[in-house]
Amino acid sequence: MAHLAHQPVGGAVDAPPTVIPLASPTPVLAVDALCKRFGPDLEVLSAVTLSVSRGESVAVIGANGSGKSTLLRCCVRLIEPSAGRVRILDTDVTAARRRVLRRVRQRVGFVFQRHNLVPRLSVLSNVIHGAMGRTGALAWHQGAASPAMRGEAMHCLERVGLAELARRRADQLSGGQSQRVAIARALMQRPEVVLADEPVASLDPSAGAEVMDLFARLMRDEAVTVVFTTHNLEHARQHAGRVVALRGGRVSFDLETARVPFDALGDLYAR
Amino acid sequence: MAHLAHQPVGGAVDAPPTVIPLASPTPVLAVDALCKRFGPDLEVLSAVTLSVSRGESVAVIGANGSGKSTLLRCCVRLIEPSAGRVRILDTDVTAARRRVLRRVRQRVGFVFQRHNLVPRLSVLSNVIHGAMGRTGALAWHQGAASPAMRGEAMHCLERVGLAELARRRADQLSGGQSQRVAIARALMQRPEVVLADEPVASLDPSAGAEVMDLFARLMRDEAVTVVFTTHNLEHARQHAGRVVALRGGRVSFDLETARVPFDALGDLYAR
Amino acid sequence: AETVRMAVTDVAGLEQLRREWSAFTEKMKEYTGYTIEFAPVTSRTAAVELLRSENVDLVLTGPAEYVVINKLTEAKPLLGFSRPDYFSGIIVMADSGITAVSQLEGKKVAMGDIGSTSSHLGPSAVLADYGIDPTQDIEVIHTADKIGYESLKRGDVAAWGTNYMSDFVPLRAAETALSPGAFRVIARGPDLPNDIMMVGAHVSDEIAETIRAAVVEHSDDLIHAIVAEGGEENQKYDGMQFIAEVKDSDYDYIRKAYATIGHPEFGEFVGD
Amino acid sequence: MRAEPARSGPPAPGRFVRPSALSFALWVGAAALLLWSLQTAELSLSRLVNGLPQMARLLGEMMPPATSRLENIAETLLDTFRMALVGTLFGVLLSLPLAVAAARGLSPARPVYYLARALITFFRTVPDLVWAIFFVVTVGLGPFAGVLTLTVDTMGYCGRFFAEAMEEVDTGPQEALRTAGSGRAGVIIGAVIPSALPSMIASSLFALEQATRSSVILGLVGAGGIGIELKASMDMFEYDQAATIIIAIFILVAGVERVSSALRARLI
Amino acid sequence: MRAEPARSGPPAPGRFVRPSALSFALWVGAAALLLWSLQTAELSLSRLVNGLPQMARLLGEMMPPATSRLENIAETLLDTFRMALVGTLFGVLLSLPLAVAAARGLSPARPVYYLARALITFFRTVPDLVWAIFFVVTVGLGPFAGVLTLTVDTMGYCGRFFAEAMEEVDTGPQEALRTAGSGRAGVIIGAVIPSALPSMIASSLFALEQATRSSVILGLVGAGGIGIELKASMDMFEYDQAATIIIAIFILVAGVERVSSALRARLI
Ligand SMILES: Nc1ncnc2c1ncn2[C@@H]1O[C@H](COP(=O)(O)OP(=O)(O)OP(=O)(O)O)[C@@H](O)[C@H]1O
Ligand SMILES: Nc1ncnc2c1ncn2[C@@H]1O[C@H](COP(=O)(O)OP(=O)(O)OP(=O)(O)O)[C@@H](O)[C@H]1O
Ligand SMILES: [Mg+2]
Ligand SMILES: [Mg+2]
């Protein structure tokens, strides 16, 4: 099945039913022919097409530099796509004006590969930041937040196992702790969609498994849609319903997990 | 063998021969009763003792926040230890004056968990920085370096598979690319010891395997000593001769890899 | 009681007053019944604008400022304030070979701030009297007194036009390396017109008269307040005197000087 | 280090990026301007060295500093500092929104950015004397006019440097807040200001110090101040007195700087 | 967003860290000083509003700006700019080592740090007039003395802000270079300066702009300059002329700022 890695298969919106049975007619996340160029001769994403339904869990895999982070970032327009469209939750993100974009982003929890915590604030403040979309700028600091919000933030921290570090300054965390704070911040958004960029790369095996389980619970109990990138194929196999593989900025394959040739992915990662 | 995770076993310098046959009489890296406190009631390392011989490969494992990074950073005095001693290559690092410390550091390649590249300089300049210890401040920029140095840096980049990105600004790299540049910078030091803090956490499976192989080659061909931290137990099993496990800042066990109970490490990672 | 607001611009010799003016205002209150709000204003431009915008009632100022204020506002002179030995001189080094003003032609001459009575207008008028046009025939360098003095000694400027008594003499007295004979005055002007207290057009005649009367009547007392309260060091300003009647034509010398420095708009004689 | 034979990889890229014709021309132009400027400056090291004894003599005139009016000076200095404090406080508060409008990436729109930048530059370009006159005719003599002048001064300075500090901070945390659906205000207060704070504290306390030092302005509007004392001392050739005042200001300024340094050290 | 019933975790830590007795006392003291200062400032909004017509009148007198001496002004401005350029250049170059010595963490030793800080503060505290006198007696009247004064001014400013920029940058890359065995020089040139560069460019070009604006100093040392022209216009009540000069300076300053902004944008 190694040939799969070479020729893009299915998953494109213009021919979805044959390959992937979409769970619901209107996808939660629909990426259509997305392109991103940095400068004239650096095309990082080439016509990426992808569709994710409510409650699905999709793993995005691919070699370093294959465009995974760029894809996720384009989805919420942290990077302005060069061409193509992205729809999230029935909103055309690529065309959205500022207010609309804000409303969509509020519903999407994003976990950054580099965590992106505010270094000088406490862990708790950083988590409460997740609520800013719905409660406004007052959530900038734990000292200014309402008791309910503080309680909820503690709950989110507890879910990632860091409640006892609430008071610590964010720049005094270990790598894995800071990653988990970033996840807690995304949870604080009460997201309908989670886009997580290597959310467990710095986590120890047990913490990584817990986070993946947490995502699974969110999907099951609250119909949250999760798209995560990972280099850990075991995680992709166990926790994703579908796997999208990127190679050089193109979709190499887009398959239900059961059909992914996990043992023959050499080509995907070959340089 | 799960009890091993609970009671510290061997590896302490005061009782090494019974448990670990040291390859050479004078260890390349000897950590003796190292303590690190951040503030009065946060003890991150408690009496860590450890000894690594030339050409050995040691994996340091442990849960998030167990003190792995702190241990490595204390070894080169990026963090001033609160108590205890560290000897590297016959130099007492903890007591060393500035010049001596510099000379030791030059011989130790360090890979940071957060990569720590200089964001506004090119990849090539960042790699050439590794040569600064032996060639002085002129190695600050690729434009100022000698042709031989530039060639060597390209060679290091090639070893991590990034030669074609030499000119890219370091802040425009993907997570895995930036990690590999950090590794190339450490190689550029022509190190005798490599201390690598989760060197493959952001790498794709094939790049990760390549880097681990690279370390193995360095050990075999050039007798380089490698100490790396990792959350990937598979890497520890395959590439380390010995595994040191930290739990809450204490050495939980220190065993030859063959004797590590990889399937029963639940306790190590339990919170 | 009424409050009278009074600004003092850069009147040479009143520094001590600026530092410690409470004695003076207390005396004024005692004699006039008015509370005097008294403020030094270092810029004459500010002083003029304060008068024009009716933010101050009285301005105590120098002759050059008087001419300007008189021209630009409806303010009237109230009292003169005479000081001894208030004149400008043109000073050169004795060994420079310069003995006559005419020899300065084409050379650099240091003077004080633009528009200053004794260190710009005064020297310029003197030069003009000797047939040197200060805007054409020499290069004027406007600088601080100390810099003018040091430049003269260094030979960077050929001459220094300044207030003889209050600028040149103290510096020469403090001189350690050179004897007083090392300097030569090649020209000096007449005593300059009096410093003057002006009253804004918006101030009632009654107030103006009350103040004038009080000052004239208690002249010695007030001068004492200015001079003596300043302590030993301030005795050198002794000899000041209030002049009850100010004649506008006294200031025609200054007006002429304005014309000399290229500002004919202030050079027109009032009444001509 | 081991004497490993340096192996060489593929050819390295060029040492320097070839500049575009335009930027090459600009660099050449700048270099020419600089050379031309150096000529007019009439530099001469020998003159500098030969003149040093003269400087020493002058320094001698300032020694020993006069101590007679120490108490008076301290009091004036404190008064000045208090006015400076108020002026700077208002300036800093007003600078905050102005700086946001003048920060690339935070400004709501391109025209607002240019307008805010121009306004800040304008505040700075119009000389203190002009501001002082403006305010003195508006509100009359006294500390208020001085405070307003200092406020405008501070805005011209802090507006610019706050904006630049905000532009310079790491964009990661800002991105995180924006993706969480936060509005501009949230991003600024939650991510930008915490990151820019050390730099902003430095700028603010520098503005305070500057306001204290440059308090000659206060003299312009009849509000007294240490500046006018210093000027009077210089005018009266009381150099030992001037030295005392300068030393007093130095102590205050150094104190403010230590506060700045301590606050920043806590944050960095 | 979903109306999820907000579940609550373990109790959150206190809203604020309890300040130590000392820092509490310091805060109270600062607040008291501020209140006391606000009192002396004699603030009054009504006075400000009532006075606005006066301000308008004055503004009216500045309009329209006089155009008679435009060429002359442009020439003087260019001369001034050239001297400012040289002074700033030297100041910036000398500030670099001084700033390294004055940057916590880069300074070779504690006493050196304090000495460098004190020196920089000293440069800033001694007024321009005093520096001008010093340099005139040393090197004589003329542009050289002006350039030296501007150099010292620049050192007082850039020395401080370079040091603070260096203190503020991310320590990660510095650690990396230090662990590679690099010496102080290498760390500074390889990691600190590249990171601090945008901030340093901003400070340098601000110093240049400042030197151009505050060029009254140049007049004091007999080097002419736009500053003395402006002062003369104000002293002679030629407000329209002053307006022209201010506008000319504004254009130059805005130009310098655009250069600063463009250079920084390339780097950030
Ligand atoms: N700002 C930028 N300018 C130029 N190139 C960029 C920029 N950002 C990313 N790239 C390039 O785009 C490519 C894709 O980057 P991206 O971060 O999406 O990779 P990734 O799949 O997330 O890799 P990793 O697994 O290493 O995180 C990389 O080759 C990277 O070098
Ligand atoms: N500057 C600091 N101040 C206070 N606590 C700190 C500081 N740096 C690290 N710590 C704490 O020390 C502990 C050990 O941190 P360290 O970075 O060594 O962990 P680690 O084993 O590397 O974890 P990870 O696997 O997440 O990287 C953590 O609990 C961390 O929060
Ligand atoms: Mg990535
Ligand atoms: Mg770590």
Side-chain angles (χ1 to χ4, degrees), chain D residues 33-34 36-38 40-44 47-48 51-52 54-55 57-58 79 82-83 85-86 89 104 117-118 121-122 124-127 129-130 133-134 137-140 142-144 147-148 160-161 164 167-168 170 198-199 202 206 213 230 234 242 246 249-250 253-254 257 261 264-265 268, chain E residues 33-34 36-38 40-44 47-48 51-52 54-55 58 79 82-83 85-86 89 104 117-118 121-122 124-127 129-130 133-134 137-140 142-144 147-148 160-161 164 167-168 170 198-199 202 206 213 230-231 234 242 246 249-250 253-254 257 261 264-265 268:
Chain D
L33 177 64
L34 191 65
W36 184 38
S37 303
L38 279 171
T40 42
E42 297 176 13
L43 308 177
S44 150
R47 251 162 82 200
L48 184 58
L52 286 179
Q54 289 294 329
M55 198 193 268
R57 169 181 63 80
L58 215 59
D79 278 351
R82 281 161 56 206
M83 284 185 265
L85 193 63
V86 178
L89 179 73
R104 214 189 288 261
R117 282 276 169 178
T121 309
F122 178 74
R124 216 164 55 231
T125 312
V126 174
L129 173 62
V130 175
I133 291 174
F134 267 148
V137 303
T138 313
V139 304
F144 189 28
V147 164
L148 287 175
R160 169 166 176 179
F161 280 90
E164 314 220 304
E167 284 176 0
E168 272 163 31
D170 182 17
S199 176
F206 180 79
R213 279 188 286 119
L230 181 56
M234 298 287 296
I246 291 173
I249 298 177
F250 178 84
V253 165
E257 211 184 301
S261 183
R264 284 159 32 81
I268 288 178
Chain E
L33 177 63
L34 192 63
W36 183 39
S37 303
L38 279 171
T40 42
E42 296 175 14
L43 308 178
S44 151
R47 251 162 80 199
L48 184 59
L52 286 180
Q54 288 293 337
M55 199 193 267
L58 214 57
D79 278 352
R82 281 160 55 205
M83 282 186 266
L85 193 64
V86 178
L89 180 73
R104 213 190 289 262
R117 282 276 170 179
T121 310
F122 178 75
R124 218 164 51 232
T125 313
V126 174
L129 174 59
V130 176
I133 293 176
F134 271 151
V137 305
T138 314
V139 303
F144 189 26
V147 165
L148 288 174
R160 169 165 176 182
F161 280 90
E164 314 220 304
E167 284 175 0
E168 272 162 31
D170 181 20
S199 176
F206 180 80
R213 281 188 285 121
L230 179 56
K231 185 168 183 301
M234 290 299 294
I246 291 173
I249 298 177
F250 178 84
V253 166
E257 213 184 299
S261 184
R264 283 159 35 81
I268 288 177

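Proteins get letters first, then strands, A, B, ... in listed order; numbering begins at 1 in each.
D:Ser261 meets the side-chain contact (heavy atoms from CB on, under 4.5 Å) test with D:Arg258, E:Arg104, E:Tyr113; sequence neighbours excluded. For E:Leu33, the side-chain contact (heavy atoms from CB on, under 4.5 Å) test picks out D:Phe81, D:Arg82, D:Leu85, E:Trp36, E:Ser37, with sequence neighbours left out.
Only the side chain of E:Leu148 comes within contact range of chain D, judged by heavy atoms closer than 4.5 Å. When heavy atoms are compared at a cutoff of 4.5 Å, D:Val126 approaches chain E by way of both its backbone and its side chain. Residue E:Leu89 touches chain D through its side chain alone, counting heavy-atom pairs closer than 4.5 Å. Contact of D:Ala265 with chain E is made through the side chain alone, with heavy-atom distances under 4.5 Å. Contacts of E:Val137 with chain D are made by both backbone and side-chain atoms, with heavy-atom separations under 4.5 Å.
At a threshold of 4.5 Å between non-hydrogen side-chain atoms, the residues D:Phe206 and E:Arg124 count as touching.
Here the shortest heavy-atom pairing between D:Thr125 and E:Arg213 reads CA-CD, 4.0 Å. Residues D:Glu164 and E:Ala202 share a closest heavy-atom pair of OE1-CB, 2.8 Å. The two residues D:Thr121 and E:Ala254 have their closest heavy-atom pair at CG2-N, 4.1 Å.
Within a 6.0 Å radius of CZ in D:Phe122, no more than 12 heavy atoms belonging to other residues, nucleotides or ligands are found.
Between chain D and the options E:Arg160, E:Lys231, E:Arg117, the largest number of non-hydrogen pairs under 4.5 Å is found for E:Arg160. Listed options E:Gly140, E:Pro198, E:Gly142 were ranked by heavy-atom pairs under 4.5 angstrom with chain D; first place goes to E:Pro198.
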